[in-house]
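Down below is the structure, laid out as structure tokens.
All values below were derived from every heavy atom in this structure, side-chain atoms included, with hydrogens, water molecules and symmetry-related copies excluded. Below, chains carry the letters A, B, ... as their sequence lines are ordered, and counting in each starts from 1.
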Amino acid sequence: MSGGRSIVWFRRDLRVEDNPALAAGVRTGAVVAVFIWAPEEEGHYYPGRVSRWWLKQSLAHLDSSLRSLGTTLVTKRSTDSVSTLLEVVKSTGATNLFFNHLYDPLSLVRDHRAKEILTAQGIAVRSFNADLLYEPWDVNDDQGRPFTTFAAFWERFLSMPYDPEAPLLPPKRIISGDISRCPSDLLIFEDESDKGSNALLARAWSPGWSNADKALTAFINGPLIEYSKNRRKADSATTSFLSPHLHFGEVSVRKVLHLVRIKQVLWANEGNKAGEESVNLFLKSIGLREYSRYMSFNHPYCHEQPLLGHLKFFPWVVDEGLFKAWRQGRTGYPLVDAGMRELWATGWLHDRIRVVVSSFFVKVLQLPWRWGMKYFWDTLLDADLESDALGWQYISGTLPDGREFDRIDNPQFEGYKFDPHGEYVRRWLPELARLPTEWIHHPWNAPESVLQAAGIELGSNYPLPVVGIDEAKGRLLEALSEMWQQEAASRAAIENGTEEGLGDSSESAPIAFPQDIQMEENREPVRNNLPTTIRRYEDQMVPSMTSSLLRVEEQETSSYLQNVAEDSRAEVPRNGNVNQEQRRDILNQGAAQTTRSNNNLPYFSVVSGLRNFEDSTAESSSSSSRRERDGGVVPVWSPPTASYSEQFAGDESGIGTSSYLQRHPQSHQIMNWRQLSQTG
DNA sequence: CCCGATTTGTG
DNA sequence: ACAAATCGG
């Protein structure tokens, strides 16, 4: 026990292999491994049933691994992780706290708080990168600014001057800290009514880090080589199935990369083109996961606010009936419905089908994407805030490199592509099982005799399309022109100085979640040992730092560069050769008109871990100096104080449309930007 | 084998 | 909408 006692705070890093926080604890001496279950901290992102099931299994698995190494996992039920950490410190006499970084907005705030409070108590706190290949603040363009498109990000990512760290081996043994006065709480993740449904999950999935490791190996030695060939099949078992493992940190991306690269070299030497392409595609999907953290870090509101503001006035269809039809897989479009039934039944969907159902949701039904994202959150086994936010924003056309907003994908044709024989549809829609392949993706066109022979009565045992594709196209155009009018009116009001009136907050306020989001079968999860009110979506308030941030007009005139670089980005200490003054000059050159007078106020405060602050200043002479693996720079941003929030109500996390347009003049033609900007 | 037409893929 | 890949005369 020479070095003292360390708390290793497990979160979404439920593994003993390549876990730098755990390794640091072991190096220091005795270890108290702790997991804190504080779902109330997640706001309305309380984990869904299947996600909780996975977590439960994964924790049990981790505990058993820790036991075989010499200690045990302490579990705590809490509503406030930081005060629980303090209790654990007191009851174990620990002097160090180690944990691994997370990048979702709530974690950034919470972890910063943990670091401040524990440090003030004399605890040495250090944090590590365990979730990403490169930390978000290490991947920047030549001017030191974060990228705003995936392609540019990925290009830089692949040509970083140094490799990601090699994965660490698991510790050989762990000296257990004294936990005799730190009893575990029993964590309850499922109620009685969940058990039946959850029992099925165990047949398909094996949570836990060593199972994750097996899944990784099996994928890399098996389906990986065919990944590019098979990726378009809705049905096939050719995906890696790693996403839930990755979400909970049961396997490290560093190890994934490490193993994939071995194959990459091998296949490159063999001249195996398909293999090389497969590797590149698979790595790209790993890259999108990295990018989702990157986006979340740089734009902390991107899970609830569009990154681009150009759809601010879009009249979304607020129709809970349509929403329900989508959830229940009763839209009348077989491929969509099959996907939604699979999601409900299994908590899983092939990536292709996620795109199909979400694109249908946004473009055909024109429902607000956050509803869809929330439903994914509640039902997906691999629900992941950052990845899902990126995905939905991509589909919704609110990213600089997202899909065009006016592009409507037709599920019928997607059906031909992804499920050419209709097998997928037949599996999940038994009512269509007898329909010939010719009609399987558009039963509404089938002759009456065919339908009869198949036992289908449209509108009765299988619905007619809830919205026709042509109808959807028409409505989309109408909605867009309505949006332009609103936008122009709002702009005019602003410029007349009559401001306030039209359009400010009312239209741009996020559309609340419907109260009745639950399907009938979807019962409330047990709220553990705590007396809490029943969770309804209306209760699930927006985290406090967001509520004051409704976007207003300002983003039209404030430039993207200033918004992003100065305000919204969660900054970390920079050890680059470009100092803040220079940066500002560079930024101001590109950015024209800002009307803001207060743009020097940091929106998010910059904080670093104590220890690292010294490290990074010491290194500050070299621009690309590499951070230590356990350097523990903690990216954090803090909620604005109330007095700032008024001034900064201009969608700090968004990308101003004007400069976006300059960079991407070809996109979104239908938006008719020129016309808009001339009105002003 | 070249070049225009057509299809495919697009984060 | 556009570029890249593929097709076919």
Measure [atom1]/[X] against [atom2]/[N] and give the value in whole Å, please.
X: E155(A); N: dG11(B); atom1: CD; atom2: P; answer: 13 Å
X: R156(A); N: dG11(B); atom1: CZ; atom2: P; answer: 19 Å
X: R354(A); N: dG11(B); atom1: CZ; atom2: C1'; answer: 15 Å
X: R403(A); N: dT8(B); atom1: CZ; atom2: P; answer: 16 Å
X: K273(A); N: dA5(C); atom1: NZ; atom2: P; answer: 11 Å
X: D388(A); N: dG11(B); atom1: CG; atom2: C1'; answer: 15 Å
X: N280(A); N: dT10(B); atom1: CG; atom2: C1'; answer: 16 Å
X: L281(A); N: dG9(B); atom1: CG; atom2: C1'; answer: 11 Å

Counting side-chain heavy atoms from CB outward, which of dT10(B), dG11(B), dA1(C) is closest to E404(A)? dA1(C)
Does a donor on one side chain and an acceptor on the other come within less than 3.5 Å for T149(A) and D401(A)? no
Determine whether the side chains of Y416(A) and H442(A) contain a donor N or O and an acceptor N or O closer than 3.5 Å. yes
Not counting sequence neighbours, which residues clear ring pair (Phe, Tyr, Trp, His ring centres under 6.0 Å) with W369(A)? List them please. none
Indicate, with a heavy-atom threshold strictly under 4.0 Å, whether G391(A) touches base, sugar-phosphate, or nothing. base
Under 5.5 Å between ring centres and under 30° between planes: true for Y394(A) and the base of dG11(B)? yes
For T331(A), enumerate each residue passing the side-chain contact (heavy atoms from CB on, under 4.5 Å) test, keeping only those at least two apart in sequence or located in another chain. W326(A), Y333(A), V336(A), D337(A), F360(A), V466(A)
